[in-house]
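So the structure is just underneath, and the comments pick up after that.
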Amino acid sequence: MNKTKVVFYRGTRGMGIVISVSYEKDRVIFDFGAPFTPLAEVYDGTVLHRQTNAVKDALLLGRIPMVPYVFSKEDLQDIPLEAYGESDLNTAVLICHLHLDHMSEIDKVDPHIPVYIHEDGLKLLQALDECEGKKERRSYSGFRYHEEIRVGQISVMPYFSDHPCPGSSSFLIRTPDSLICYSGDIRCHGVRHEEAFAETEAIGKEKVDLLIIDSTTTSPSEFIYDEETIRELYRTPSKQCLKGCISEEGIYEAITDTLKGSDALGIINCYPRDTGMMKELIRHAEMIGRKMIFEPSYAYILYQVTGVKAAVYEDSNDRYILNGGKLKDFETVSCDTIRENPGHYILQNSYRNILDLTDYDGIEGHYFHLFGEPLVKGQKEYQIMENMVNKLEWTFHTYTNLYSFSHCYPNHLQYVISQIDPKSIVAVHSKKPELLEPITGKQYYPEEGKEYVLENGELVEV
Ligand SMILES: [Zn+2]
């Protein structure tokens with residue numbers, strides 16, 4: 001009987017993935033984030049986190065599942081769960097990328113357990129902490145693509161995954177008797193899709209027993225297609241971006257087509273963790289003779305992760321980083337300069353500094369909501385954002401297939417599966433995994449929290 005055990009603690013019916021792969025006394029846990037539920041989130045900006053009860057609150061709120069031997073006895077307080085140190089398990093936690101649904105709870109893991117993040121992700125984490133004046137409760141270890149991470153008898157190989165968040169990875173997990181692939185969040189329409197396909201092909205050369213794959217785009221409620229269309233797209237695995245599926249490049253083209261030759265100011269609301277997107281915005285702005293300007297914290301994050309020194313908005317309400325003297329030799333651009341020639345600029349503005357936009361009252365503008373916060377229609381903040389844009393009489397641009405920005409389209413997903421050709425498949429990160437219907441490999445629907453083994457490639461309950 002095989003000794004590799006898999007437990008899906010969270011993620012078989014949505015976001016907030018926590019999966020453990022163990023072999024005898026060695027255990028690797030993949031991802032440690034809370035589900036993304038903006039409409040039901042207790043920490044809505046008014047409720048404060050309680051530092052001394054962080055672990056207990058997270059477990060009681062269901063932000064993290066009850067994973068044994070991960071939290072310190074002290075942090076667990078009276079929660080009935082085995083604490084770290086109460087077994088001789090050798091555990092490590094690996095994070096596929098720094099979006100919150102994959103890592104928001106990592107600071108709660110006992111500090112004796114190593115937590116691995118790609119080295120670019122680590123740079124991002126440090127820069128974010130600096131911008132927020134936050135001190136980490138624990139330390140993290142960095143990894144690189146194609147450099148093995150050893151956790152006792154388990155070997156993990158990280159692969160590049162094309163995603164707007166830096167250091168995004170897929171993992172190939174080798175135990176003495178099994179080979180498992182956890183895709184992390186994947187997409188195949190990004191500007192680096194060729195590299196992404198090459199990595200998929202490299203993984204496909206291995207004999208994967210179990211593929212645990214991001215199947216976000218099978219969630220109809222979060223996607224532009226109806227169930228029948230999704231089913232149809234799944235029958236046509238291909239590398240192409242099909243009709244109605246906008247690519248990352250397609251989004252930038254839509255922006256530059258709108259702004260090209262226009263005197264209007266361009267405004268971008270993007271996410272500070274998506275540095276890949278920030279770099280592309282600079283490049284595309286240049287292509288139409290405009291300068292991309294960032295708020296100080298965004299410019300600082302971009303510089304820390306990529307080394308790119310972008311132009312900084314000196315009249316930003318976001319003063320913390322600017323006052324800290326961290327952007328001394330960066331080019332700065334003032335509000336007056338932009339007002340003189342709005343058609344020469346694209347300004348990044350985050351929701352919390354949305355009042356900065358009132359300085360452009362009376363100037364023509366295009367507001368591009370590029371997956372920054374607030375993310376979801378129906379959120380109160382989303383309505384406020386739209387109201388503000390209406391008040392300024394600007395045009396609001398958004399991209400309806402929200403989740404497609406950082407996830408695979410159906411035909412791409414089926415292509416990835418056909419390349420890897422696993423014996424077994426578990427769809428994660430999806431509300432409707434049944435819609436995956438893989439054309440190769442047998443799909444399983446494991447119960448969360450139950451232990452499974454791989455028997456001749458089949459997922460069998462222990
Ligand atoms: Zn995710």
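Numbering of ligands and ligand atoms starts at 1, following listing order. Small disclaimer: the values here were computed from a predicted structure and weren't measured.
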Checklist entry - How would you list, by chain and number, every residue that makes a salt bridge (charged side-chain N to carboxylate O under 4.0 Å, His left out) with Glu248, sequence neighbours excluded? => result Arg187
Checklist outcome for this item: Across all chains, not counting sequence neighbours, the side chain to side chain contact (heavy atoms under 4.5 Å, CB included) partners of Tyr84 are Asp110, His112, Ile113
Next on the checklist: Ring centroids only, cut at 6.0 angstrom: are His397 and Tyr367 within range, meaning strictly under it?
Outcome noted: no
Checklist entry - Under 6.0 Å between ring centres, would you say that holds for His193 and His412? => result no
Item to check | Nearby protein N/O/S atoms (those under 2.8 Å) for the Zn ion (ligand 1), with water ignored | outcome: Asp101 OD2, His102 NE2, Asp185 OD2, His429 NE2
Checklist entry - Who are the salt bridge (charged side-chain N to carboxylate O under 4.0 Å, His left out) partners of Asp31, not counting sequence neighbours? => result none
Item to check | Arg138, CZ: over 12 other non-hydrogen atoms inside 6.0 angstrom | outcome: yes
